[in-house]
Amino acid sequence: MKRSDLLKALDGKLEPWRFKDYAPNGLQVEGSDEIRRVVTGVTASQALIDEAIRLQADAILVHHGYFWKSEAAAITGIKRQRIAALLHSNINLFAYHLPLDAHPALGNNAQLGQVLGLQHAAPSLAEPLIWTGELAQSCTADALRAHVGRSLGREALLLGDNTRSVQRVAWCTGGAQGYFEQAIALGVDVFITGEVSEQNQHLANETGVSFIAAGHHATERYGVKALGEWLASDFALDVQFIDLFNPV
């Protein structure tokens, strides 16, 4: 598959032009024109690049790429090492951030809802990056925490009353702890995200809405994996998802 055709397919699926994002979506580093093998992963770390080189991949597809608005522009240090490795091995780097969070079927939020078995899952009208749904049956907040941990293979942190009954769920993968108040306003019993901040403890205690932090990496593994599976199915590409350990 030609690089330009892969970019066209990914852009057509994820529609990055609909988002005002914090980093460029699409092709970030140009490599080989012909793409046969793709490695997918959450973040374009050196470890993922090294694995792609070992597997002789022509492209890497990630959720967290490079060139964030808050980072220094100079290509030095770790950034230089990573980009040099890509260029030396002629590997393309594709990255999709908010478009991959938001996709209605392949996105991180849609996929996390499926992994957790949440019913009636859909983006909220107030903030499309916050999804809502329901548990099949109500349970205690601590039972939900345990279910999330088992489903994601990572211990989850619960804030608030662990005996409280919960059924209505809001979630947003990754570092979305700042959305907690917006989730509370949706009338849910619990909010699930990846990371946690100090103030989330007080909001959970004072509002009675439970907060579960299940890991940034752990909650965002599933979108890029699903996107890679779509590429393999529709375009007969050799795609391998690499789940590097990250406790955060």
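All residue numbers in this chain count up from 1 along the given sequence.
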- prompt: side chain to side chain contact (heavy atoms under 4.5 Å, CB included) between Asn92 and Leu27: does it pass, once the steps are laid out?
  reply: CA-CA 7 Å; Asn92 296 278; Leu27 180 65; 3.9 Å; yes
Check against side chain to side chain contact (heavy atoms under 4.5 Å, CB included), Gln177 and Tyr179: CA-CA 5 Å; Gln177 64 269 42; Tyr179 281 153; over 6 Å; no
task: Using the side chain to side chain contact (heavy atoms under 4.5 Å, CB included) rule, take Arg221 and Leu152 through it: C-alpha gap first, then chi angles, then the decisive distance, then the call.
output: CA-CA 9 Å; Arg221 286 180 296 198; Leu152 303 186; 3.8 Å; yes
- request: Apply side chain to side chain donor-acceptor pair (under 3.5 Å) to Glu134 and His120, showing your working.
  value: CA-CA 6 Å; Glu134 295 182 352; His120 313 299; 4.5 Å; no
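At a threshold of 4.5 Å between non-hydrogen side-chain atoms, the residues Leu227 and Leu14 count as touching. In this structure, His64 and His216 have side chains that are in contact, with non-hydrogen atoms separated by less than 4.5 Å. Two residues are said to be in side-chain contact when any heavy atoms from C-beta on lie closer than 4.5 Å; Leu10 and Leu61 meet this criterion. Taking the side chain as every heavy atom from C-beta outward, Asn25 and Trp17 never approach each other to under 4.5 Å. Side-chain contact between Glu51 and Arg54 is present, with heavy atoms from C-beta onward closer than 4.5 Å.
With rounding to the nearest 0.5 Å, the separation of CG in Asp101 from SG in Cys172 is 6.5 Å. The structure places CG of Asn90 at 9.0 Å from CD of Glu30, a figure rounded to the nearest 0.5 Å. Residue Arg145 holds its CZ atom at 11.5 Å from CG of Leu159, rounded to the nearest 0.5 Å. Note that NZ of Lys2 is 8.5 Å distant from OG of Ser32, once rounded to the nearest 0.5 Å. Note: Lys69 NZ to Asp21 CG = 7.5 Å, rounded to the nearest 0.5 Å.
Although no hydrogens or angles enter the test, the distance criterion places no donor-acceptor pair under 3.5 Å between the side chain of Lys13 and the main chain of His103. A donor-acceptor contact shorter than 3.5 Å links the side chain of Arg3 to the backbone of Gly31. Remark: side-chain polar atoms of Asp234 are not paired, donor with acceptor, to backbone N or O of Leu231 under 3.5 angstrom. Remark: the backbone N or O of Ala105 is paired with a side-chain donor or acceptor of Gln111 at under 3.5 angstrom. With hydrogens and angles ignored, the 3.5 Å screen pairs no side-chain donor or acceptor of Arg164 with any backbone N or O of Val209. The backbone N or O of Met1 sits less than 3.5 Å from a side-chain atom of Glu34, completing a donor-acceptor pair. Here the side chain of Thr219 pairs a donor or acceptor atom with the backbone of Gly215 at under 3.5 angstrom. Formation of a donor-acceptor pair under 3.5 Å by the Asp58 side chain with backbone atoms of Arg37 is found in this model. Judged by distance alone, with hydrogens and angles left aside, the side-chain atoms of Thr140 form a donor-acceptor pair with the main-chain N or O of Ala143 at under 3.5 Å. Under a 3.5 Å cut-off, the side chain of Thr40 and the backbone N or O of Lys225 do not form any donor-acceptor pair.
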Name the atoms and distances for all side-chain donor-acceptor pairs under 3.5 Å in residues 181-192, with sequence neighbours left out.
residue	atom	partner	partner atom	Å
Asp189	OD1	Arg168	NH2	2.8
Asp189	OD2	Gln167	N	3.0
Asp189	OD2	Arg168	N	2.8
Asp189	OD2	Arg168	NE	3.4

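Asp11 and Tyr96 share a side-chain donor-acceptor pair at under 3.5 Å. For Thr163 and Asp161, the side-chain atoms include at least one donor-acceptor pair closer than 3.5 Å.
With hydrophobic clusters built from ILVMFWY side chains whose heavy atoms lie under 4.5 angstrom apart, Leu100 shares a cluster with Leu6. Under the 4.5 Å side-chain heavy-atom criterion for Ile, Leu, Val, Met, Phe, Trp and Tyr, Val196 and Leu116 are members of distinct hydrophobic clusters. Cluster membership for Trp230 and Phe241, using ILVMFWY side-chain heavy atoms within less than 4.5 angstrom, is shared. Val42 and Val115 sit in two unconnected hydrophobic clusters of ILVMFWY residues. Membership requires side-chain heavy atoms under 4.5 Å apart, directly or through other members.
Nearest heavy-atom pair across Trp131 and Ala102 is CZ2-O, 4.5 Å. Shortest non-hydrogen contact noted between Ala59 and Phe94 is CB-CE1, 4.0 Å. Closest approach of Ser210 and Ala141 over heavy atoms only: OG-CB, 3.5 Å. The shortest non-hydrogen separation linking Ala85 to Gln46 is CB-NE2, 3.9 Å. Of all non-hydrogen atoms in Val166 and Leu144, the two that sit nearest each other are CG2-CD2, 4.0 Å. The nearest pair of heavy atoms linking Trp171 to Leu112 is CD1-CD2, 3.9 Å.
Val29 shares a hydrophobic cluster with Val39, Leu48, Ile49, Ile53, Leu55, Ile60, Val62, Tyr66, Phe67, Ile75, Ile83, Leu86, Leu87, Ile91, Leu93, Ile242, Leu244; the chain of contacts runs through ILVMFWY side chains whose heavy atoms sit under 4.5 Å apart.
Look at Arg36 and Asp238 and you find no salt bridge, because none of the NZ, NE, NH1 or NH2 atoms lies under 4.0 Å from a carboxylate O.
Scanning for ring-ring contact (aromatic ring centres under 6.0 Å, His included) contacts around His63 gives His97, with sequence neighbours left out.
Atom CD of Gln201 is surrounded by more than 12 heavy atoms from other residues, nucleotides or ligands within 6.0 Å. Residue His202 places its NE2 atom among more than 12 non-hydrogen atoms of other residues, nucleotides or ligands, all under 6.0 Å distant.
For the side chain to side chain contact (heavy atoms under 4.5 Å, CB included) with Phe211, the qualifying choice from Leu158, Leu157, Thr193 is Thr193, the only one to do so. Tested against His217 for a side-chain hydrogen bond (donor to acceptor under 3.5 Å, both in side chains), the candidates Thr43, Asp243, Thr173 yield a single pass: Asp243.
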